[in-house]
Amino acid sequence: MTAIRVALLGSGVVGSAVAKRLVDEADDLAARAGAPLEVVGVAVRDTGKDRSATGLAPELFTTDAEALVQRADIVVELMGGIEPARSLLRKAIEHGASVVTANKLLLGEDGPALYEQAEAAGVDLSYEAAVAGAIPLIRPLRESLAGDHVTRVMGIVNGTTNYILDKMDRTGAALADVLAEAQELGYAEADPTADVEGHDAQAKAAILASLAFHTRVVTSQVHCEGIMGITAEDIQAARRIGLVVKLLAIAERVRDDSAGDALSVRVHPVLVPRSHPLAAVHEAFNAVFVETELAGDLMFYGRGAGGDPTASAVLGDLVQAARNRVAGGHGPGESAYADLPVLPIGRARTCYFVRLDVLDVPGVLARVTGLFGQHGVSIESMRQGVRRSEDGLATLHLVTHAAQESALQRVMDEVQSLDDVRTIASVLRVEGA
Ligand SMILES: NC(=O)C1=CN([C@@H]2O[C@H](COP(=O)(O)OP(=O)(O)OC[C@H]3O[C@@H](n4cnc5c(N)ncnc54)[C@H](O)[C@@H]3O)[C@@H](O)[C@H]2O)C=CC1
Ligand SMILES: N[C@@H](CC=O)C(=O)O
Ligand code: NA
């Protein structure tokens, strides 16, 4: 049986876990793939480091990634970043190799061009690990649901921020302290701002939207807000009314008055009821809801980050790509035939939780609620806290029915200028209530 030659690019948290498993489980993997998986090299930045824990021979580690990709049947890219990862993957595909990657940053920015190149070359490009780590999500969307229509994908796709928000919710800890813990546990990206500012989830939302809606969506089309503005006070206020803050990626098919069928794709903090299944997703776990026309609601749950869980998804893709090689073909590629427009955030519709500090004077409620009414934003519930003796202010909480984001924004602009309103303490979107 001719061995399948495998090149690994990168030997960090995920790369070293993949390498170790290829060594430790070589016999099982060969039996499953239909041929031995032979590691022909691992591209690293520094060959002097001790990598004996992987079980691979030291001479397999090389700094010459370009030469390595040209002598492999399957290239597994786990170095991250845009360059040189993109050029190396392009070179591998040109050379006729199938590629496996966990690189959401690259796929979010340039996935559609790479999918086309792989399709034209007749090779596999697989990326199960790039979204929601270990959770089988890409393959179900691409293959199992190929006969259905997805209407909405909504989920927690970043482990670091879920770990932070969950810890803040459970202990009242400050964001900065919890971030350091998430970094130590190997969940955070090399630059953790990609996690906390939402960019990691933004790239994943683009990848999911492309796949679920057969449309080219790139990261720059995804509205993105991270969690840096979320305070302990927001979390406490949400807790008091039975809600919890989660960073969600949402991609949905909508009917827009001017654009017709379109997509709304966004990442931002969201308040969900404590009874909602997403509220029960703790620590660095991920969970994704997929709503479809025929299957109804599906939920995918598991570990979205960490060396071993991510290696599981990478190895699944690797074995599948090897099976396809052994069978002499390749698996299904991507399609972008639906070509739906992506709406700006102003045209998204959702509910809102608004917290205002107002002067406790006669008529203030009527003036505030009047502005909501003037812009067609219907209020679902409202509650005023007790007047604080130190400043004479009272906190006003409003929850709206679903409204267009641009209408809510107009309300907020005018509320801000009312004499009786001291501060808009926060505006958070609400889903699943
Ligand atoms: N750590 C996790 O939980 C997850 C990571 N990912 C993705 O997997 C990929 C790898 O992530 P990690 O292993 O966590 O990162 P890491 O930073 O631990 O490892 C990357 C390795 O690649 C090496 N590298 C970077 N550029 C290189 C170059 N030009 N030549 C040779 N080596 C190079 C680095 O020295 C480092 O050892 C990234 O795309 C990441 O976004 C995806 C899902 C989960
Ligand atoms: N930094 C990411 C790693 C997985 O994609 C996360 O925290 O989820
Ligand atoms: Na996955």
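Numbering of ligands and ligand atoms starts at 1, following listing order. Being a predicted model, the structure only gives us computed values, none of them experimental.
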Could you check whether any side-chain N or O of [X] sits under 3.5 Å from a backbone N or O of [Y], counting only pairs where one atom can act as donor and the other as acceptor?
X      : Y      : answer
Glu77  : Thr101 : no
Thr423 : Ala425 : no
Asp297 : Glu291 : no

- Message: Please determine whether a side-chain nitrogen of the Lys or Arg among Asp339 and Arg216 lies less than 4.0 Å from a carboxylate oxygen of the Asp or Glu.
- Response: no
- Carboxylate-amine/guanidinium contact Glu94 Lys91, below 4.0 Å: no
- Note on the structure: In this structure, CD1 of Ile93 is separated from CG of Asp124 (nearest 0.5 Å) by 10.5 Å
For [X], counting its heavy atoms only, list the atoms of ligand 2 lying under 4.0 Å from any of them.
X      : result
Tyr187 : 1 (N), 2 (C), 3 (C), 6 (C), 7 (O)
Gly304 : 4 (C), 5 (O)
Asp195 : 1 (N), 2 (C), 6 (C), 7 (O)

Can you tell me the protein heavy atom closest to [atom] and the distance?
atom                   : answer
atom 8 (O) of ligand 2 : Gly159 N, 2.7 Å
atom 2 (C) of ligand 2 : Glu189 OE2, 3.1 Å
atom 7 (O) of ligand 2 : Thr160 OG1, 2.6 Å

Show the nearest heavy-atom pair for residues [X] and [Y], with the distance to one decimal.
X      : Y      : result
Val40  : Ala72  : CG2-CB, 4.4 Å
Phe61  : Arg51  : CE2-CD, 3.3 Å
Ala201 : Asn158 : CB-CB, 4.4 Å
Lys204 : Val157 : NZ-O, 2.7 Å

- Query: Taking the six-membered ring for Trp, are Tyr187 and Phe285 ring centroids under 6.0 Å apart?
  - Reply: no
- Query: Aromatic ring centroids of Phe289 and His276 under 6.0 Å?
  - Reply: yes
- Query: Hey, is Asp200 touching ligand 2 through its side chain, its backbone, both or neither, going by heavy atoms under 4.0 Å?
  - Reply: side chain
- Task: Check each heavy atom of Asn158 against ligand 2 and say whether those closer than 4.0 Å belong to the side chain, the backbone, both or neither.
- Result: both
- Message: Below 3.5 Å, N or O to N or O, backbone or side chain included: is there any such pair between Lys104 and ligand 2?
- Response: yes
- Query: So is Ala305 polar-close to ligand 2, meaning N/O to N/O under 3.5 Å?
  - Reply: no
- Message: If we only consider heavy atoms of Gly133, is any one of them less than 4.0 Å away from an atom in ligand 2?
- Response: no
- Taking atom types as modelled, find out whether Ser426 and Asp234 have a side-chain donor-acceptor pair closer than 3.5 angstrom. yes
- More than 12 non-hydrogen atoms from neighbouring residues, nucleotides or ligands closer than 6.0 Å to CD on Glu66, yes or no? no
Enumerate the pairs of nitrogen or oxygen atoms, one from ligand 1 and one from the protein, separated by less than 3.5 angstrom; state names and distance to 0.1 Å.
| from | atom 1 | to | atom 2 | distance (Å) |
| --- | --- | --- | --- | --- |
| ligand 1 | 3 (O) | Gly306 | N | 2.6 |
| ligand 1 | 13 (O) | Val13 | N | 3.2 |
| ligand 1 | 13 (O) | Val14 | N | 2.8 |
| ligand 1 | 18 (O) | Val13 | N | 2.9 |
| ligand 1 | 26 (N) | Arg45 | NH2 | 3.4 |
| ligand 1 | 41 (O) | Lys104 | NZ | 3.2 |
| ligand 1 | 41 (O) | Glu189 | OE1 | 3.0 |

- Item | Atoms of protein origin (N, O or S) under 3.0 Å from the Na ion (ligand 3) | Glu128 O, Glu128 OE2, Val131 O, Gly133 O, Ile135 O
- Task: Apply the salt bridge (Lys or Arg N to Asp or Glu O under 4.0 Å) test between Glu405 and each candidate in Arg429, Arg349, Arg347; give the one that qualifies.
- Result: Arg429
